[in-house]
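Notes to accompany the following structure.
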Amino acid sequence: MVARWDFPREIGEAVAIIWHALGTKLALAIFLADLFFILLHVAAVNGVIGGNERLFRVDKDRSLSEWFEYAKLFVSFLLIFYLSVSRKFYQIMPMALVIFYLCLDDSLRLHEYMGDVLVPAHDNVGQALFTMMVGAATVVMAAIGCMLSQRPGRIQIISVLLPILLLGGFGSIVDAFHEVMMRFVPRADNLIGFIEDGGELVSMSVLLLTCVRLADLGVGHKSEHPTITRGIFSSPAMRKWRA
């Protein structure tokens, strides 16, 4: 049975969950790590760091920050997979699979390969088209999961969807803007590339922190009163990082 959907209010509650996740000591630690990689990037671009500068830049493949991104995506996948299986909340499983796909795509450059397959003559157009297809499929799967869930479950699904859309915005919209600017203002290449990849770095942190928050909430998809109960991060040693 399709449950009644109070969309605006549930988006607001999903944003509240994300906001709470960003106010923890764990969030501070992760964002400080992001800042560290950003400072490494600035140092490498300005020649402060010698040697292989690509290793320290956020806009280069296989850099230190990119490996950090892989780790954040994989842990996010494990947390949502755990949430789905442990609480029999299978409506959120597609979001776990989307995160796992993002991890594979980021590491194997699947969107670049598919872009070349879809539009061989203009791979950038093909990449944008493929990204839009993935984004549309993600929204459709989230909508179906919401339709089959009760209110707390829908809030959880939306909470995961919003950081994914934020990540997609930097990976598609800002990326497209980057491609256009490279043709007309080549000197802006490094700056816009930094904004694009730095935005992705921070977006993945928001996604990870949201997944940590959800994995630690005692919210079954049939519950009408979300409360914090005993979750995987509820041990005394971890409570101080949640606070």
Side-chain angles (χ1 to χ4, degrees), residues 2 5 7 10-11 14-15 18 58-62 66 69-81 83-84 89-149 153-183 192-193 195-208 210-211 214:
V2 177
W5 194 349
F7 189 64
E10 288 162 12
I11 289 182
V15 171
I18 297 171
V58 300
D59 58 346
K60 300 300 181 183
D61 295 342
R62 302 297 185 268
E66 191 159 87
E69 290 176 351
Y70 301 156
K72 287 190 284 190
L73 286 174
F74 188 66
V75 173
S76 298
F77 158 71
L78 291 178
L79 290 171
I80 298 303
F81 185 85
L83 172 67
S84 177
F89 180 24
Y90 301 117
Q91 293 93 324
I92 205 171
M93 181 64 78
M95 295 296 96
L97 298 179
V98 168
I99 296 172
F100 185 68
Y101 160 76
L102 291 174
C103 187
L104 290 179
D105 181 86
D106 201 35
S107 58
L108 302 178
R109 296 292 180 262
L110 297 180
H111 64 285
E112 295 179 7
Y113 171 77
M114 291 303 301
D116 189 52
V117 169
L118 291 174
V119 187
H122 302 281
D123 59 338
N124 291 331
V125 176
Q127 289 178 33
L129 178 61
F130 180 69
T131 300
M132 287 189 291
M133 292 168 59
V134 172
T138 299
V139 172
V140 168
M141 288 188 293
I144 293 173
C146 287
M147 291 172 63
L148 299 177
S149 302
R154 292 196 297 272
I155 293 170
Q156 289 188 11
I157 293 172
I158 296 170
S159 298
V160 179
L161 177 64
L162 292 179
I164 290 176
L165 294 179
L166 178 64
L167 174 60
F170 282 103
S172 57
I173 298 174
V174 178
D175 181 59
F177 179 70
H178 186 193
E179 295 293 335
V180 172
M181 291 299 291
M182 278 197 304
R183 297 187 179 185
I192 301 176
I195 293 172
E196 175 190 345
D197 292 283
E200 290 179 1
L201 182 71
V202 174
S203 298
M204 291 180 196
S205 295
V206 175
L207 176 61
L208 172 61
T210 302
C211 293
L214 291 178

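A quick note: this is a predicted structure, and the numbers were derived from the prediction, not measured.
- The minimum heavy-atom distance linking R154 with S149 is given by the pair NH1-O, 2.8 Å.
- Here CD of E69 is found 8.5 Å from OG of S205. Values are rounded to the nearest 0.5 Å.
- Of the inter-residue distances, the one linking E200 atom CD with D197 atom CG reads 5.0 Å to the nearest 0.5 angstrom.
- Residues Q156 and L83 meet the side-chain proximity criterion, which asks for heavy atoms closer than 4.5 Å.
- Taking the side chain as every heavy atom from C-beta outward, L167 and V206 never approach each other to under 4.5 Å.
- Of all heavy-atom pairs spanning V160 and I92, the tightest one is CG2-CD1, 4.2 Å.
- Put simply, the side chain of I157 reaches to within 4.5 Å of the side chain of F89, judged on heavy atoms.
- Of all heavy-atom pairs spanning F77 and I99, the tightest one is N-CG2, 3.6 Å.
- Distance check, rounded to the nearest 0.5 Å: CE of M204 to SG of C211 gives 12.5 Å.
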List the steps, then state whether side-chain contact (heavy atoms from CB on, under 4.5 Å) holds for L79 with L214. CA-CA 8 Å; L79 290 171; L214 291 178; over 6 Å; no
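- S159 approaches T210 most closely through the heavy-atom pair O-CG2, 3.4 Å.
- Taking 4.5 Å as the limit, every side-chain heavy atom of K72 sits out of range of all side-chain heavy atoms of L207.
- Atom CZ of residue F100 and atom CG of residue L78 lie 9.0 Å apart, to the nearest 0.5 angstrom.
- If you take OG on S76 and CG on L102, they are separated by 9.5 Å, rounding to the nearest 0.5 Å.
- V134 places none of its side-chain heavy atoms less than 4.5 Å from the side chain of V98.
- The shortest side-chain heavy-atom distance between Q91 and I144 does not fall under the 4.5 Å cut-off.
- Atom CG of residue L208 and atom CZ of residue F74 lie 13.0 Å apart, to the nearest 0.5 angstrom.
- Heavy atoms of other residues, nucleotides or ligands lying less than 6.0 angstrom from OH of Y70 number more than 12.
- When every heavy atom of V58 is checked against every heavy atom of G198, the shortest pair comes out as CG2-N, 4.3 Å.
- Between L165 and V139 the shortest side-chain heavy-atom distance falls below 4.5 Å.
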